Amino acid sequence: MREYADELLESLNTAQRAAVVHGAGPLLVLAGPGSGKTRVITHRAAYLVERGVQPENILAITFTNKAAREMRDRLHDLRVSHGMWICTYHALCLRLMRIYAESCGVDPGFTIYDDADQKTLVKKAYELCDVATEVVPIDLARWAISNAKNRLETPEQLEQAAEDHKDELIAELYATYQVLLERNNAVDFDDLLMRVARLLREQPEVAQRLNQRFQYLLIDEYQDTNHAQYEIARRLSEHHQNICATGDPDQSIYAWRGADIRNILRFEQDYADATVVRLEQNYRSYQHILRTADRLIAVNRDRKPKTLWSERGDGPPVAVWRFGHGNVECEHIAQAIGQQHAEGRAFSDFAILYRINALSRGLEAALRARRIPYRIARGVAFYNRKEIRDALAYLSAIANPDDTVAFARAIATPPRGIGNTTLQRLLAYADRTGKSFTTVMRHCDQAEVKGAPARRVRAFEREIAKWQQAAGSETVSSLVRRVIDESGLAKHYSGAESGGEDRQANLDELVTSAVRYEEDMIDDSEASLTDFLQMVSLVSDQDAVDEDSGCVMLMTLHTAKGLEFPVVFIVGLEQGMLPHDRALGLEAESNSLEEERRLCFVGITRAQEQAVLTTTQERLLRGKPRALSRSQFLVEMDDPDSVEWSDFGLGMTGRFGGGSRFGGSSRRFGHDTADLWEDGGADELAGLDSDATSFDFGAGAPADEDAARSPAVDDQPGASGAARRRKRSSLQDHDEPVFSLDDETEMARRSRPADRRSDVVNAYQDWSPGMLVRHPSYGIGSLVLIQRGPQTRARIKFPGEGEKTFVLELSPIERVQV
DNA sequence: AGCAAGATGCTTTTT
DNA sequence: GCATCTTGCT
């Protein structure tokens with residue numbers, strides 16, 4: 001009879017198998033993109049269990065909650081479920097801090113401050129230290145404090161290392177900020193790591209006990225660990241040395257927030273006799289994609305060479321699209337997605353990636369105008385809404401009577417006749433005496449708050465006390481409901497003022513999330529308000545990436561790490577965007593430029609079948625037009641064999657600035673590519689004019705408004721491909737662009753040859769082998785083979801160039817009229 | 001105390 | 001372009 005352990009090794013390649021069967025002792029798995037890393041980790045965990053290791057003796061640390069969830073699911077499929085700790089570094093530290101609260105110097109009911117709360121408190125430190133933000137920019141101080149914490153440095157150490165007055169001020173701010181955190185019984189994200197790292201370092205007996213508990217460590221994305229995380233991993237594996245780290249130095253993209261690529265590079269020195277396994281076979285992408293990514297990353301000097309290989313076919317070349325303006329870029333991408341969807345591709349097959357969140361706006365508008373369902377990976381967005389933050393402030397105030405940041409927020413909304421003067425007096429008194437805010441409110445006359453305001457303050461305090469009592473006897477969800485209703489928040493946000501209904505719905509959603517939290521709790525007794533709030537604060541963007549939402553996914557390149565999609569668009573490949581300005585500064589120099597390159601590498605390697613990179617000559621940035629030149633990365637990765645350039649409406653700069661109102665005139669994009677190729681010089685641009693006028697900017701108001709009324713998400717994920725197609729085509733009928741019959745535009749439209757306005761649904765229906773086509777750089781060729789499917793692929797023979805394969809929707813190929 | 005209009009500054013990426 | 005902060009008015 002075959003053992004289950006053998007079954008676990010099936011369908012693994014030699015390297016993967018070596019990593020899975022590796023027993024005790026340090027193991028480093030260097031895993032290139034798409035090399036089946038997650039499979040290896042999960043199979044390794046399951047294999048260990050199968051060989052007699054107890055699940056509760058295994059600790060798996062991931063970078064995101066989503067990765068943790070995925071791993072848990074996969075392990076469940078592999079029949080390993082309970083007992084194993086699978087969590088992020090931050091969640092791990094949270095749990096340890098709760099257990100060892102006293103040793104960590106916190107009260108277990110502490111609040112976790114997010115970015116915004118942290119900023120509030122740092123500002124307060126500025127006031128207390130009498131430092132002006134003009135002298136030390138607030139973000140500089142925040143960055144410096146965060147860095148110090150990552151390196152486990154105290155304010156005193158920072159002060160000793162200070163080189164100038166500014167550094168001294170920062171050290172002072174850090175010290176004050178820490179005191180404020182303590183007084184509020186709060187920690188920030190960095191504290192979670194720092195305090196646990198210190199705990200393990202300073203209390204060897206705790207470290208020892210945890211070594212016994214967690215006999216095997218599995219750590220994902222090791223290249224992204226910062227010093228504190230590195231220290232934690234080391235201490236937790238000090239005695240048994242059973243640490244399995246996986247990662248890829250070429251995908252290290254978090255150095256800017258303290259991640260140290262050296263942690264992975266020196267693994268072999270840190271752990272004597274470490275076994276190193278390299279996973280170099282890629283199962284994800286076609287060759288053209290892989291080779292292009294490889295060519296780009298090979299430019300980095302600070303790197304260990306690595307050979308990525310694949311048994312998959314060439315696939316279509318990587319496409320580079322050049323546009324005159326960011327608006328055209330968005331329109332064209334939306335159009336291409338619409339077209340491919342009409343041919344049977346699911347919307348969820350597409351991802352659009354960008355360097356900075358600000359670039360999502362135009363894309364959203366273009367997708368909405370075409371009624372293409374999309375989702376933005378922004379998990380925190382929900383918890384960042386005003387009404388949600390307000391509700392959470394009430395809850396934090398109930399759970400943690402020292403949390404003045406929460407009280408200050410709660411007391412102000414809805415307005416209850418307690419203004420800033422009163423609040424400041426209360427806060428000042430709390431600061432002076434160190435009493436909890438509830439106590440201060442109860443005795444507010446001592447804080448010089450008298451008369452009517454005093455009555456209101458005491459009334460507010462009584463309400464909080466009432467809820468605190470309720471918190472002890474009812475479920476979290478019913479408390480959340482009660483607080484939202486009784487605080488007056490529900491009423492306050494019910495007004496017909498903009499988005500009142502949405503806000504109500506969001507507040508309801510918060511209650512739902514509390515219900516879901518209770519359901520997820522295995523042991524009911526563990527569900528507590530504090531725990532719920534702490535969990536909520538560790539939610540991140542990546543967690544909002546849904547597997548099969550039936551939507552096009554939009555996200556930053558950072559968020560995309562670890563994901564894969566059949567078709568990937570990376571927009572904004574321009575100097576200043578990708579690589580970003582901050583990486584191009586003289587002082588930043590090569591290190592950050594190399595990180596930008598890795599970021600681009602991560603982006604390209606997300607693509608399974610098709611990668612499209614776009615670049616524009618101009619785009620709106622912060623509301624102002626900005627001229628841009630193409631990214632150096634495009635040049636570095638270029639190769640005529642695997643990268644194909646297309647130009648769309650180059651030189652159309654300036655004239656169309658201003659906004660997203662251009663109607664759903666999809667047909668006017670697509671295959672009417674300009675006949676210019678290389679660096680569209682000014683003389684070549686002349687021929688573009690007629691095309692340029694056909695773009696109809698600013699004239700599509702009716703279509704735009706129509707789109708605004710329709711929901712962004714209208715696709716049914718469950719529907720079969722055929723059903724979806726049918727639904728789509730019926731939609732298409734209604735979706736017929738409502739042209740505003742602006743004279744100029746309509747004339748431009750008519751003046752174009754009919755065949756160049758290819759029909760979206762029946763595109764290429766009449767294309768057949770033998771037909772002549774034109775490619776802007778290869779010239780005239782003949783169609784050898786046409787393959788219809790999710791993408792229409794065509795094999796075309798060019799005299800002197802040989803045969804090449806194209807995805808027609810993505811290439812600038814035109815039919816030649818005979 | 002509370003609100004509204006105007007001024008300011010800011011955007012890289014995230015647990 | 002947006003969100004946040006400041007100012008000034010009721």
Side-chain angles (χ1 to χ4, degrees), chain A residues 61-68 87-94 112-116 118-120 123 133-134 137-139 143 146 149-150 187-194 221 224-226 228-229 252-259 353-362 365 377-380 384-386 411-423 451-453 456 497 534-544 555-561 572 576-585 588 592 595-596 598-600 602-603 620-625 657-660:
Chain A
I61 307 177
T62 61
F63 225 62
T64 65
N65 294 305
K66 184 179 175 280
C87 53
T88 63
Y89 264 108
H90 292 265
L92 168 70
C93 292
L94 172 60
I112 300 171
Y113 276 177
D114 68 6
D115 245 36
Q118 191 245 18
K119 196 170 179 178
T120 309
K123 275 183 195 161
T133 49
E134 288 79 36
I138 190 149
D139 284 333
W143 180 82
S146 172
K149 289 185 176 185
N150 287 162
V187 299
D188 62 22
F189 289 133
D190 299 317
D191 277 332
L192 288 170
L193 303 176
M194 179 182 75
E221 310 282 16
D224 283 331
T225 49
N226 64 30
Q229 290 164 327
S252 156
I253 53 174
Y254 287 109
W256 55 273
R257 66 172 220 216
L353 313 179
Y354 34 78
R355 180 65 237 264
I356 59 169
N357 274 309
L359 288 191
S360 75
R361 200 166 312 245
R378 242 193 260 128
V380 287
N384 267 338
R385 296 198 157 98
K386 224 177 282 153
I411 218 166
T413 329
R416 48 168 59 77
I418 304 171
N420 209 262
T421 325
T422 307
L423 179 62
R456 295 181 191 129
E497 47 47 281
Q534 290 178 343
M535 186 213 68
V536 158
S537 51
L538 293 184
V539 169
S540 84
D541 279 5
Q542 272 219 336
D543 305 332
M555 69 190 87
T556 64
L557 285 159
H558 283 89
T559 309
K561 195 176 70 167
M577 289 298 325
L578 182 63
H580 192 269
D581 274 329
R582 295 274 261 256
L584 290 170
S592 47
E595 178 150 315
E596 296 289 302
R598 290 193 291 268
L599 193 53
C600 191
V602 166
L620 287 181
L621 240 43
R622 280 188 221 162
K624 293 253 167 291
S660 53

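In what follows, chains carry the letters A, B, and so on, assigned in the order in which the sequence lines appear, proteins first and then strands, with residues in each chain numbered from 1. No experiment lies behind these values; they were computed from the predicted model shown.
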Next on the checklist: So for A:R257 and B:dT14, does any side-chain atom that can act as donor or acceptor lie under 3.5 Å from a complementary atom in the base?
Outcome noted: yes
Within-4.5 Å side-chain heavy-atom neighbours: [X] and [Y]:
X	Y	result
A:S252	A:R598	yes
A:L557	A:L578	yes
A:T225	A:Y89	yes

Has [X] got a side-chain N or O lying under 4.0 Å from the OP1 or OP2 atom of [N]?
X	N	answer
A:T559	B:dT13	no
A:T64	B:dT14	no
A:N65	B:dT15	no
A:T422	B:dA1	yes

Checklist entry - Roughly, in whole Å, what's the span from CZ in A:R456 to P in B:dG2? => result 7 Å
Classify [X] by what it touches in the nucleic acid, base, sugar-phosphate, or nothing, heavy-atom distance under 4.0 Å.
X	answer
A:D190	nothing
A:I418	sugar-phosphate
A:F63	sugar-phosphate

Item to check | Pair A:K123-A:T120, side-chain contact (heavy atoms from CB on, under 4.5 Å): steps then yes or no | outcome: CA-CA 5 Å; A:K123 275 183 195 161; A:T120 309; 5.8 Å; no
Counting only side-chain heavy atoms from C-beta out, which of [options] sits nearest to [X]?
X	options	result
A:N357	B:dC10, B:dT15, B:dT13	B:dT13
A:I356	B:dT11, B:dA1, B:dG2	B:dT11
A:P415	B:dT15, B:dG2, B:dT11	B:dG2
A:H558	B:dC3, B:dT14, B:dT11	B:dT14
A:D115	B:dT15, B:dG2, B:dT11	B:dT15

Which protein N or O atoms sit under 3.5 Å from an N or O of nucleotides 2-10 of chain C?
from, atom 1, to, atom 2, distance (Å)
C:dC5, OP1, A:K123, NZ, 3.0

Checklist entry - Shortest non-hydrogen contact from A:N65 to A:L538? => result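 Answer, listing the atom of A:N65 first, then A:L538: ND2-O, 2.8 Å.
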Checklist entry - Who pairs with A:S146 by side-chain contact (heavy atoms from CB on, under 4.5 Å), at least two apart in sequence or on another chain? => result A:N150, A:D190
Checklist entry - With a centroid cutoff of 5.5 Å and a plane-angle limit of 30°, would you call A:W256 stacked on B:dT13? => result yes
Checklist entry - With under 30° as parallel and over 60° as perpendicular, where do the rings of A:Y254 and A:H558 fit, or are they tilted in between? => result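 The rings of A:Y254 and A:H558 sit tilted, inter-plane angle from 30° to 60°.
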Next on the checklist: If I pick the P atom on B:dT13 and the same atom on C:dT4, what distance separates them, to the nearest angstrom?
Outcome noted: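 Taking atom P in both C:dT4 and B:dT13, they lie 15 Å apart.
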Item to check | DNA chain B base-pair string [pairs: Watson-Crick or G-U under 3.5 Å; |: paired with another strand] | outcome: ||||||||||.....
